[in-house]
Structure formats: structure tokens, C-alpha cells
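What you see below is based on every heavy atom in this structure, not just the backbone, and it leaves out hydrogens, waters and symmetry mates. Chain letters run A, B, ... following the sequence lines, proteins first, then strands; residues in each count from 1. Everything numeric in this text was worked out from a predicted model, so none of it was measured.
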Amino acid sequence: MESTYDPAAVESRWYDRWESAGAFRPEVNPDGAPFCIVIPPPNVTGSLHMGHALDLSIQDVIIRRKRMQGLAALWVPGTDHAGIATQNVVERELAAEGLSRHDIGREAFVEQVWMWKERSGGRISEQMRTLGFSVDWTRERFTLDEGLSRAVRQVFVTLYDEGLIYRSNRIINWCPHCRTALSDIEVEHEETLGELVTIRYPFADGEGAIEVATTRAETMLGDTAVAVHPGDERYADAIGREVILPLMERRIPVVADAEVDPEFGTGAVKVTPAHDPLDFDIGQRSGLEAIKVIGEDGLITPAGGQFAGMDRFGARTAVKEALAASGALVSVAEHTHSVGHCSRSNDVVEPMLSLQWFVKVEPLVGPAIDTFRNGETRFVPKSWENSYFHWMENLRDWCISRQLWWGHRIPAWYCDACQEVIVAKDEPTACTACGAANLRADEDVLDTWFSSALWPFSTLGWPDETEDLKRFYPNSVLVTGYDIIYFWVARMLKMGLHFMGESPYPDVVIHGLVRTADGRKMSKSLNNAVDPLDLAHTYGADALRLTLLQAAAPGHEVPAPQDEWLDAARRFGNKLWNAVRFAATHVDDVPRAGGYPTDPAPEAAWILQRLHEVTQQVDELLDEYRFSDAFSTLYAFAWSEVFDWFIELSKAPLRDPDRSAEAAAVVGVVIRDVLKLFHPAIPFVTEELWSQLVGDGLLATAPWPDPPAYDLPRSMETFQELIVAARRFRAEHGLGPNAELTMVVVDAGDTVEDWWPEQAMELARLSMTFGEAPGEGHTRLVSGKVEGFVALGGAIDVDSERQRLAAAVATAVDARDHAAAKLGNESFRDRAPAEVVEKEQGKLSAAEQLIDSLRAQLEELG
RNA sequence: GGGCGUUUAGCUCAGUCUGGCUAGAGCGCUUCCCUUACAAGGAAGAAGUCGCAGGUUCGAGUCCUGCAACGCCCACCA
């Protein structure tokens, strides 16, 4: 073995071996209970970002541990066709050649996207392999593959037949850039400083006027009424009269509607039913015409009169100027309000009347809430329930049709002869109503999230009754960032409960988003994103994974990996490497599992007991999805107990022919279990080291450790003896911790001559400086047998020793006073639990003793 | 306009649910040590009025109330 660990060389050689051994298939544990995670499918044409690296590292820890625990662990990989995102990418490519998708036509365009998908779609899976994620590639799925498309059509048709999918003319969010409708959550609201324009609408009978305010002046071209609150006395006379719409010179009525807030602005609102949801509702109630003045292209329609053909923002200015010129403009004031932007193109979204397909969500919401209330499903951390409930209870129907070409075609056909709408899984040959043969297929595709919502069961083969579906639905846990709870998690729950009758998973683990050092979201557009593959290249995939896992505390945002942390994680790999290198020179034949000694030497019993405790702790923490705590605990145990302590303690026994076999066995077993415990987090280096130390099969499929507990009387007794002896020794010689004091423990019968001078170096190696007490300073147990001490040398720095003692006295006095004050408090004595009072008394007397001894030492120093 | 989160050492964060040894970790910093798995290492050490103000309690970083700063989410503020 090399003396330093080279991640690049090691990491490149394991993934293929795992895969070809079938290690990631649930079939490796044929008798195990099923355990299943489906991957949140990344965009097929994208590449892995830091958020994926975190999300997938967490899932890999879960799935690898379950696999080692003997469960039939399945992690289903796959990708999402990502409708708008992917279509935009290919359209940009076309644009570079001066073409639009309309130039080449739908069929050719879709073919081009497929080609693009074939070209670049492998990138994600390549990156996942590089980072070591143990998914079952034989079960890989794509949201647009044949099986999932069948699932989508089945769901659509069923929901349509149940009346939960309908087609309707309503106000939707329209992105003029993408030229498609969007759902509510694809709109991002941004606080924007705009203008509040107040306009005077004169009454048609010539007496007076009514003033209305708007932030979108151009929409006034489509006004078909002015509305006021029915109880608003200021406008009681106005209701039922007509006003003249400036510029358009149209007579429009003043109507009453309870939704109008009399407190806002003038209390009168212009009504544009075709371009505002509230206005649309008012229009419905008052039977108003809806005039569409902004088109799908973002330009003013012919209905906009003289402004027709103008861009919507240009029209806003032009309308204001025209209003000013005609004297109808009352005022223009600065006004901050939130403006919707398309989450894909960032273009300003236009509310617009449009004929679209919707999912009626109300009947689906109840079960998706109850599943949490009755404990069938839970969020980890639980605090997400509140916002989830609040959000679910205020849902509006989900607009699912998109005017795109890349996606699942909506399975609807229209008969122009009799206006029949036919929704079916397979294309009908003739109208089911009138028998006409010429049916027109719906041009639109479905929202990408429609197919994602089916992912937990569609990937397992639904609607077919496959073995996988029976075995792995419900899944076991879902891991995702909070940013797609509404997009994805809520919809999976609704669909899973509706179609499978069971929650898709009992646990929903929500982690934070990866933040940059200054706490901002990482994003390509802000140009502050760090490519995880770059970091994996520099520090190793293991280092990246460990760093992310140590940062992932539940309920918190995840700070982006910083160079120092990554470096620390890489150094840990090196430390492990060297520990195994040491062990491998002393140990042969480490068993795959078991091999725990029944009557270990004291230092062995100590580390084995710690191994037992730490394994239990780590198991508990991982069961609670507390990855940061689990791996921090493990890291501290491995480094400061196993490497710094235990390996040092083992050196003497390993050299002693009588004890070396036993010591070697323990070293082998302990380090083997450390490798096992770390394997889910850092699979590459541990697998490599497993091959060096154990060499029996793959670590990836080795059994999870379950080390037994040990009693520690013998070693603890010895440990105490050692400390007592050290103290006595120092007291006798008037030495404090600042003394450069070196001591060793020698076996019974040994004499100084036996050890000195030939063994001087060895003694120095084994010797340690003793602190004042356990926990203060460091004390090492060098041998199970403590018989005496040998001083090899020593000196005291009187000044610093005096300073130290003085500070120690002050601290001890504080402690004593603190304890005394507590004990002097009557209610403390009366009401605190007895053991607490006892402890306090113990503290008091310990402090007093300590003060005495410290003062004595001070005096000795003079 | 609602809701949520955060505020603890120079930096990044645990600890708060379930109140109890004089508050912890990593990194950084100071001193010492290149000795046999590892200098990409080892040993020792300094460093915190736990955001502010009240309250409950024998006892508060932890529970309650208010405030402040920062961040996030939701919302048909015309």
C-alpha cells in the first residue's frame, strides 16, 4: 500500500465492480424485507448540481445501510423529461441556426429533442456513477418512456371519467416567452417598484366621473365595467349607471361586487375580465364580456384599437401618454407590488383568459392531509406539516395543459362534426358520438409534474400488477429538498393515495438547500454555483459526500462545502488509509463479520465497548435521519479514539509475542467495523480498504456491524490506578502539568535496567504526559498491568506554572462559591431532586479539596 | 398582509423538542514535537455577557411574552 491515499486512483475502480456484481440490485438479499427509495428524477438534459449531490448522498447512506442490514434494498433511478426546460434548450439550439420550432414542424422538432436527449441524457448517470450512488440501473426509468406514458394516459382517463379532470375557459398564467400556460406554482412573485396609475372614467350622462387605479394601465383597453363595493355609500348612486372608457370610447357599466375592497385606493376598481382573476370572477357574476387585449405573443390584439400590435410594456407607456393627452390621467404614483415571473424564462407572466385542462384538486386534498393526521405519513422534520397543510387547504385547481411539443400528449380528441370530446387511452378511430372519422387530436402536452406525480408507482410498473409493484409499493422513504414539496411531494401523495389507496411512503425527509458562503441560493443565473463534479475531482467523491453529510442538519439550510471542510474530509480518508495500512501489516484473516473476543485485554475491552456504544448511537441517529450528528459522532470516534488512542495502545501488545495474536485480532475487527460504519457515507475508500484488510467479498454487501457490549471492570480499575499513581508521582516531585514530565508504565518484575537505555526510544514513544485528572490533560493506558512509573526527565517553568495554578484556584473558587450559593438557597435544598443536591454537595467538597491542593502547590513554588 | 426559520468561540455550526455537572465540535489561532501507519501527523492551550428586554422556576442557551436584525415561503395590495 502507498503511504498516502490517492482518491482518484481508487474511486475509478470500484463502481463497475459493484455494478457487475449486481450489488445494487435488491436481489442480493433475496430473503430480506423490501426497502425502496425512488430517486427524485433530475432533468434528463441537465447535469448534477450541489443540491443533487446532497440529496443523493443522503439517499445513498440510507439505501447502502439498509442493504448491509440485509434488506432487499431498491433505489430506482430515472430522469424527468422536463417539458419547458428541455424544449427551451433545443429551441435555443435551433435559434442559433436561425430557425424556430415552427419552421421544422412538430414531428421533426420532437425527434430533434429525442436526439438531444440521447446525446446528453447519459451525462447525469455518468455523474451519478462518479459520485458512487448505488442505484439499480437495471430498473432505470424515464418519464417519457413507453411504460410511464401508459401510466400517464391511464391516470388522465381515469381522472377524467371521475370528473376530476376538466377543460375550461379560465384565467391562467401565461408566459409570453415560452408561449404556454403555467400552473400557479410555476410563477415566482417578485416585489417590484411599479406605478399606480389613477384614471378618470367620466359618466356617460356627462355628470361627474369615477376614478380607478391600476398598475397595468394597458389592461384598461379591455375594461368592460367598473366595480364598487355594494355597501360603499360613496358610490351608491353610481351603481347601474354607465361610464365612458377613455381612449376606447366604450360605454361600460358600474357594477357592485362584494369582493371589492372599499378601503383600497378610491374604492372603485376597473374590471378587465380577460386579464385578471378577480375581474374574471366579477365578470362572471355580473355577466360581463371578456375582451382579450393582450395576445399569446405578448402584443396588443386588434381589440386594443390604436394600440394593436404594440408590445405590452410599450403599450403601457403609450396608454398613459394617450390618457394624459386626453385629460383622463389623474395621477401616477410609485407603487410597490409583486409581479409574477415565469420560473423558467423569468418573463413577466400575463394573467389571461384561456381554454385549458385542469385537475380538480379539492377531492384529492382531504386524503393527502389525513395521511399526516393519522400518522400514515410524516415529515422529517415535522415542522413542515404546518406549511404543507396551509398550502393544501388553499389550493386552486391545477392547470395541467401546456402549449409545448415536448411531453405527454393530452389523450383527448375532438369531433368537429358533433363537438364531442373523446378522452381515451388509445387513439379512437371514429367519433364515439356521431361516428365521424375525422377526429382532431389535442395539440397540447401535460405539465411535466403530472408524470412526476406518478413516479412512486409508475416506475414500479403500474398500471401492470408487476412483482416490483407488489413488493416495493409503498416506498419506504422519500428524500428531497423543501423547494419541491408543493411541485412534487404534495402531488405524489395525492396521486399515490388516489390510485394506490396508500401513501407512497411513510417518511418524507426534507433537507435544506445548499447555500453559498454568504447564505444565498446557489444558482447558475447568479453564477455562484459550484460544480460538485469539480469538487469530487479535486478532493474525491468520498470527501464531497462526507462534507455534505456532516453539514446536513435536519431543518437547516446546508452551507456549501468549503475548501477547508473538503480538505478535512479528504485527510480523513488518508487517516483511514493509514490506519488500515498499519493494521494490514499486523493482521491477517479478518473475518467478514463477528470475531469479537470473549475475554479481551483491558484496552481492547475499552475500545470494543466504545465500538458497541458508538454503533448503537450511529444506528439511532441514522434511523432518525440525523446524518450530520451520526457522521460527526463516527468521525470523532474513529479519529480520536480508534486512531489516536486505540492504535497507539495496541502497539506494545502487537510487539509482544505472547499477546500479539489477540491484539491483532482486535485491531482487525475494530477497524473493519469502522470501515463498515463509514461505508454508506464514503463507499469508495472503505471498499478499497476492505479489499486490503478483509478481502472477502464486497463491503457493499457485507453485513452491518452489531458489536457486543463489554464489561470494563478490569481496565477501568487499572485506568483509575494509573491516574492515582500519576498524581502521587507528580505530587511527590512537586510537578504540575507544565512540567515536561515523561512517564511510562512498566510491567511487574521489570526493572529500569530492563528498559533503559535500549528501550529508551520505545519508552518515549509509549510515554505520555499526565494531566491533573481524567478528562483533564491526557492519560494513556499503555498496558493492562500497572506497576510503577519511571521518570525519564522533567523540568518546570515556574512562572507559567504559578500562573496556571493561580488561574486554576480562581476557577475552583468560582466553582465552590457557585455550589455554596446554590446549597445556601433554601428552596433549592427543599425542592431540587435529592440527587441534584447531592451532586452539588459533591461539587462543593471537590472544589474545596482542589483549592487546598492547588494552594499547597502554589506555596511549594514559592 | 399572513406564515416559517435563523441569531451560541475569529469562521461554519451542534446543543433548545424532554430546563440540571462551571456550554461543545470542526476549521482557524498560540506553544511544543518531523519518533516506528499517517507532518495530508501528534500533544497542550487561549478564546463565548448563548441577538436584546422582560417573565416562569430552587435553577433558563433550553420554557413563555415582547422587540430587533437577517433569510425564506405563501398571497387575486386593483
Side-chain angles (χ1 to χ4, degrees), chain A residues 1 3-5 171 184-185 189 196 212-216 219 227 259-261 263-266 268-272 276-281 335-338 351 381-384 386-387 390-391 394 396 482-483 485-486 512-513 515 517 519-521 550-551 553 555-557 559 562 564-565 567-568 570-586 628-629 632-633 635-636 643-644 647-648 651 655 737-738 740 761-762 764-765 768-769 771 777-778 800 804 811-812 814-815 818-819 822 825-833 835-837 839-840 842-843 846-847:
Chain A
M1 286 176 78
S3 72
T4 56
Y5 164 56
I171 298 279
D184 293 341
I185 50 177
H189 294 271
L196 190 62
V212 296
T214 178
T215 53
R216 294 182 295 151
T219 60
E259 285 298 304
V260 177
D261 177 7
E263 305 293 315
F264 188 92
T266 60
V269 58
K270 58 189 273 310
V271 182
T272 321
D276 184 279
L278 175 62
D279 292 5
F280 178 77
D281 292 345
H335 182 71
T336 305
H337 62 134
S338 76
K382 200 174 188 304
S383 52
W384 278 105
N386 279 339
S387 28
H390 182 258
W391 187 80
N394 292 288
R396 300 200 303 164
Y482 64 75
D483 54 334
I485 292 178
Y486 304 143
L513 305 185
R515 301 271 155 185
R520 305 176 58 146
K521 232 179 194 169
Q550 288 186 311
H556 291 88
E557 295 288 31
Q562 294 173 20
E564 302 85 68
W565 310 343
D567 211 44
R570 187 189 50 175
R571 289 202 307 271
F572 181 76
N574 191 59
K575 191 75 180 172
L576 253 187
W577 179 271
N578 274 291
V580 170
R581 195 157 77 98
F582 170 81
T585 59
H586 293 93
S628 170
D629 292 337
S632 300
T633 301
Y635 180 97
F643 303 152
D644 287 351
I647 287 189
E648 293 304 322
K651 285 178 179 174
R655 272 186 285 268
N738 284 321
E740 286 187 22
M761 293 304 278
E762 180 68 12
R765 175 75 188 158
M768 298 301 304
T769 303
H778 278 257
S800 61
R804 187 196 68 82
T811 306
D814 279 354
H818 183 85
K822 259 191 164 179
N825 185 322
E826 221 171 280
S827 45
F828 174 75
R829 281 202 311 273
D830 294 348
R831 301 176 61 171
E835 66 268 21
V836 172
V837 176
K839 262 190 202 169
E840 206 59 35
K843 272 176 3 184

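Taking atom C1' in both B/A43 and B/G5, the straight-line distance is 41 Å, to the nearest Å. Comparing the C1' positions of B/C52 and B/C70 gives an interatomic distance of 15 Å, to the nearest angstrom. Here, B/U12 and B/A68 have their C1' atoms 24 Å apart, quoted to the whole Å. Rounded to whole Å, the P atom of B/C64 lies 13 Å from the corresponding atom of B/C4. Annotation: B/G71 and B/A47 have their P atoms spaced 34 Å apart (nearest Å).
Remark: A/Phe280 engages no residue in a ring pair (Phe, Tyr, Trp, His ring centres under 6.0 Å) (not counting sequence neighbours). Scanning for side chain to side chain contact (heavy atoms under 4.5 Å, CB included) contacts around A/Leu196 gives A/Ala213, A/Thr215, A/His335, with sequence neighbours left out.
Nearest-nucleotide positions on RNA chain B for A/Asp567 and A/Trp577 put A/Trp577 closer to the 5' end.
In this structure, A/Phe643 and A/Phe572 have tilted ring planes: the angle between them lies in the 30° to 60° band.
Here A/Lys575 does not reach the OP1 or OP2 of B/A39: none of its side-chain N or O atoms lies under 4.0 Å away.
To the nearest angstrom, C1' of B/G42 lies 13 Å from CZ of A/Arg571. Between the CG atom of A/Asn578 and the P atom of B/C34 there is a distance of 20 Å, rounded to whole Å. Counting to the nearest Å, the P atom of B/A40 and the CZ atom of A/Arg570 are 10 Å from each other. When the P atom of B/G41 is taken as reference, atom CG of A/Leu576 falls 13 Å away, rounded to whole Å. For the pair A/Phe572 CZ and B/C27 P, the interatomic distance rounds to 12 Å; values are reported in whole Å.
Under 4.0 Å is where a charged nitrogen must lie from a carboxylate oxygen, and between A/Lys270 and A/Asp279 no such pair does.
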Give me, pair by pair, the N or O atoms of the protein and of nucleotides 74-78 of chain B that are less than 3.5 Å apart, along with how far apart they are.
unit_1, atom_1, unit_2, atom_2, d
B/C77, N4, A/Glu191, OE2, 3.4
B/A78, O3', A/Thr214, OG1, 3.3
B/A78, O3', A/Thr215, N, 3.1
B/A78, O2', A/Ala213, O, 3.1
B/A78, N6, A/Asp261, N, 3.0
B/A78, N6, A/Asp261, O, 2.6

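Base pairing annotation: B/A68 forms a Watson-Crick or G-U wobble pair with B/U7, both donor-acceptor distances under 3.5 Å. Under the Watson-Crick and G-U wobble criteria, each requiring two contacts below 3.5 Å, nucleotide B/G1 is paired to B/C74.
Looking at heavy-atom distances under 4.0 Å, A/Ala568 makes no contact with the nucleic acid at all.
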